[in-house]
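Just so you know, ligand 1 is whichever comes first in the structure, and atom 1 is the first atom listed for that ligand. The chain is numbered in sequence order, starting from 1. Basis for what follows: all heavy atoms, side chains included, without hydrogens, waters or symmetry-related copies.
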Amino acid sequence: MKKIAVLTSGGDAPGMNAAIRAVVRTSLDKDLTVMGIQRGFSGLINGEIFEMNRRSVADIIHRGGTVLRTARSHEFKTEAGQKKAAAILNAFGIDGLVVIGGDGSFHGAQALSKYGIKTIGIPGTIDNDLSYTDYTIGFDTAVNTVLDAINKLRDTSTSHERVSIVEVMGRDCGDLALYAGLAGGAESIIVPEKGYDINILCKTILEGKLRGKMHNLIIVAEGVGGANEIAQKVEEVTGIGARATILGHIQRGGSPTANDRILASRLGFRAVELLLEGKSARVLGVRGGKVIDLDIDEALAIDRKFDKQLYDIATALSY
Ligand code: F6P
């Protein structure tokens, strides 16, 4: 292993820069040449590859987004695209590739490993939807971004004695809604893993009002969606004013939290170690506070987890 490359792919996540920095500086520490690939697999196919040094990653640990840029490539999903990408890596003399991204990016790493490229995946997504790891890089920051929005919405919800419905990202995973909802003291958390009943929701809102609740915060995961429709229905049934807020891409930006920077640094460091150990087609994660790695196929086959206990705690504390 003499030359490795790093790319970020899929949706950007806060902490990706800290991971890039860790990969680059660990590589240089271990006398490897390290290349940056711009715009994910799409840039790889176009040969957007450049050599990186310590200064290339200076002043980025605190920045959201990804300095390598990112993209979702359709061409790379085809066999022809994957063959081309592997040929380009060979042409550049790249022996190992670190892919930072979510499950789509891991499928890409998995495909390249079948063409003989040594690949390691680092989980970077705000969704926390990779079952094999307790946390993905960017999730903690996104939870805090949503929490900040919830805190602000609570002020206006209380002042007007209105219901506030907040729709958060996460694809089919309810973790962002669940964690931010619990931390923000939400009255109801609606996630795809549990679903909801509009009549029970309205009844809960009315009961809360009778008990003297002045605000009502409802967090809806985008996997369920329909915040505007829920607001309309709640207003119709309960007679209480309701407003929907769809947080959108604001959840993807911002300076990463200490937790995300530390996780990114640990995983970036370990990714280079694994390549030096000759490992390939593995993904990194964290379980019970310990860094773990496992086979990509195995990792992607694990069924989605849902923290029912956390959900029950949030429900019990919401009255
Ligand atoms: O995977 C991250 C994520 O922000 C999801 O939560 C969301 O569903 C999706 O990406 C949005 O994708 P795009 O940025 O392409 O609109």
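- For ligand 1, the atoms sitting less than 4.0 Å from at least one non-hydrogen atom of G170 are 6 (O), numbered in the order shown with element in parentheses.
- Side-chain polar atoms of N144 and T257 form no donor-acceptor pair below 3.5 angstrom.
- A side-chain donor from one of T66 and T8 sits under 3.5 Å from a side-chain acceptor of the other.
- With hydrogens left out, the protein atom closest to atom 16 (O) of ligand 1 is H249 NE2, 3.2 Å, a heavy atom.
- The proximity of Q251 to ligand 1, defined as any non-hydrogen pair under 4.0 Å, does not occur for either the backbone or the side chain.
- We find that E193 and R304 are joined by a salt bridge, their nearest charged nitrogen and carboxylate oxygen being less than 4.0 Å apart.
- Looking at atom 3 (C) of ligand 1, its nearest protein heavy atom turns out to be R252 NH1, 3.4 Å.
- Residues meeting the salt bridge (Lys or Arg N to Asp or Glu O under 4.0 Å) test with R63, sequence neighbours left out: none.
- Looking from atom 12 (O) of ligand 1 to the surrounding protein, the closest heavy atom is R72 NH2, 3.0 Å.
- Atom 2 (C) of ligand 1 has D127 OD2, 3.3 Å as its closest protein atom, hydrogens excluded (heavy atom only).
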Please output the side-chain donor-acceptor pairs of residues 262-280 that fall under 3.5 Å, not counting sequence neighbours, one pair per line with the distance.
from: S265; atom 1: OG; to: R261; atom 2: O; distance (Å): 2.7
from: R266; atom 1: NH1; to: G289; atom 2: O; distance (Å): 3.4
from: R266; atom 1: NH2; to: G289; atom 2: O; distance (Å): 3.0
from: R270; atom 1: NH1; to: E273; atom 2: OE1; distance (Å): 2.7
from: R270; atom 1: NH1; to: E277; atom 2: OE2; distance (Å): 3.1
from: E277; atom 1: OE1; to: K279; atom 2: NZ; distance (Å): 3.0
from: S280; atom 1: OG; to: T119; atom 2: N; distance (Å): 3.1

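- With ligand atoms numbered from 1 in the order given, ligand 1 contributes 5 (C), 6 (O), 7 (C), 8 (O) to contacts under 4.0 Å with heavy atoms of E222.
- Electrostatic pairing of K308 and D312 counts as a salt bridge here, judged by a charged N lying under 4.0 Å from a carboxylate O.
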